[in-house]
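Report on the structure given below.
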Amino acid sequence: MPRPPMVAVIGKKHSGKTTLAVRLSAALGRRGHRVMAIKHGSHTFNIDPSTTDTYRHYHEGEVIKVAMAAPDKFALVERWSEEMSPEAIAERYMGDASIVVCEGFKRSALPKIEVFRTAVHPTPLYAAGDADAARYVAIVTDAPDFSAVCPVVSYADADWLERLVAIVEREVIA
């Protein structure tokens, strides 16, 4: 299956990455796109508590993969010895997406949207002179008069989310 279009929502800790990724995904979905998401974590996780059967299969049974199937959803937990790139994950599991919205993966080669809130951090990740600056499709910020080589979307604008969706449709999905 071919790899779908992808965009990474990046930013420093507590900048609002999850909130922005969720709002962007919902807005793209309302416009008819088949949206999927990948969240990057820096540590391991459990999607189910130790009292569940899937937990027991995975931890006590030491299986390589465990799937949970229900009438309305499906989950797969798979062991790996090396972390897969977001591109490989999307190609392997999300080939039927119109777009994959990733949270994190700031070191990837994906197109990027940075969340920069001065209320949380005095400086952005973005630096105009960095080679990575060319990968930015937008910066969403509360900083007045912020400038960059990519579009800057201000949280102060009532239509900021619609503007961001239009940028993603034009620069990433098209």
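- For the atom pair Arg56 CZ and Glu62 CD, the distance stands at 13.0 Å (nearest 0.5 Å).
- Summarising the geometry, atom CG belonging to Leu24 is positioned 11.5 Å from atom CD belonging to Glu103; distances are rounded to the nearest 0.5 Å.
- Looking at heavy atoms from C-beta onward, Val152 lies out of side-chain contact with Ser147 at the 4.5 angstrom threshold.
- For the atom pair CD of Glu60 and CG of Asp53, the computed distance is 10.0 Å after rounding to the nearest 0.5 Å.
- Looking only at side-chain heavy atoms (C-beta outward), Phe105 and Ile38 come within less than 4.5 Å of each other.
- Looking at Ser15, its side chain never comes within 3.5 Å of a backbone N or O of Arg117 through a donor-acceptor pair.
- At distances below 3.5 Å, not a single donor-acceptor pair connects side-chain atoms of Asp142 with backbone N or O atoms of Tyr155.
- Contact record, Ala138 with Leu164: CB-CD1, 3.8 Å, taken as the closest heavy-atom pair.
- Taking both residues in full, the closest heavy atoms of Glu171 and Val137 are given as CB-CG1, 4.1 Å, listed atom of the first, atom of the second, then distance.
- Looking at every heavy atom in both residues, Ala97 comes nearest to Pro5 through O-CD, 4.5 Å.
- Sorted by first and then second residue, the pairs that involve residues 120-139 and meet side chain to side chain donor-acceptor pair (under 3.5 Å), not counting sequence neighbours, are Lys12-Thr123, Glu114-Tyr136, Asp132-Arg135.
- Contact record, Gly29 with Val35: N-CG2, 3.7 Å, taken as the closest heavy-atom pair.
- Residues Cys102 and Leu110 form a side-chain contact, since some pair of their non-hydrogen atoms from C-beta on lies under 4.5 Å apart.
- The side-chain contact (heavy atoms from CB on, under 4.5 Å) test with Val140 is passed by exactly one of Val153, Ile167, Leu161: Val153.
- Linking Ile, Leu, Val, Met, Phe, Trp and Tyr residues whenever their side-chain heavy atoms come within less than 4.5 Å places Val172 and Val165 in a single cluster.
- Taking NE2 of His33 as the start and CD1 of Ile173 as the end, the distance is 4.0 Å to the nearest 0.5 Å.
- Minimum heavy-atom separation, Phe116 to Ala143: CE2-CB, 3.9 Å.
- Rounding to the nearest 0.5 angstrom, the gap separating the OH atom in Tyr93 from the CD atom in Glu78 is 3.5 Å.
- No more than 12 heavy-atom neighbours from other residues, nucleotides or ligands sit within 6.0 angstrom of CG on Asp145.
- When each of Arg107, Glu83, Lys17 is paired with His40, the side chain to side chain donor-acceptor pair (under 3.5 Å) condition holds for Glu83 and for no other.
- Hydrophobic clustering (ILVMFWY, side-chain heavy atoms < 4.5 Å, transitive): Met84 and Val100 are in one cluster.
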Stepwise, does the side-chain contact (heavy atoms from CB on, under 4.5 Å) test hold for Val115 with Thr19?
CA-CA 10 Å; Val115 182; Thr19 299; over 6 Å; no
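- Transitive grouping of hydrophobic side chains (ILVMFWY, heavy atoms separated by less than 4.5 Å) brings Trp160 and Leu28 into a common cluster.
- In terms of heavy atoms, Gly95 sits closest to Pro4 at CA-CD, 4.1 Å.
- Hydrophobic clustering of Ile, Leu, Val, Met, Phe, Trp and Tyr side chains at less than 4.5 Å, counting indirect connections, unites Met36 with Leu76.
- Atom CE of Met94 sits about 7.5 Å away from atom CD1 of Ile89, to the nearest 0.5 Å.
- Hydrophobic clustering of Ile, Leu, Val, Met, Phe, Trp and Tyr side chains at less than 4.5 Å, counting indirect connections, unites Val101 with Leu20.
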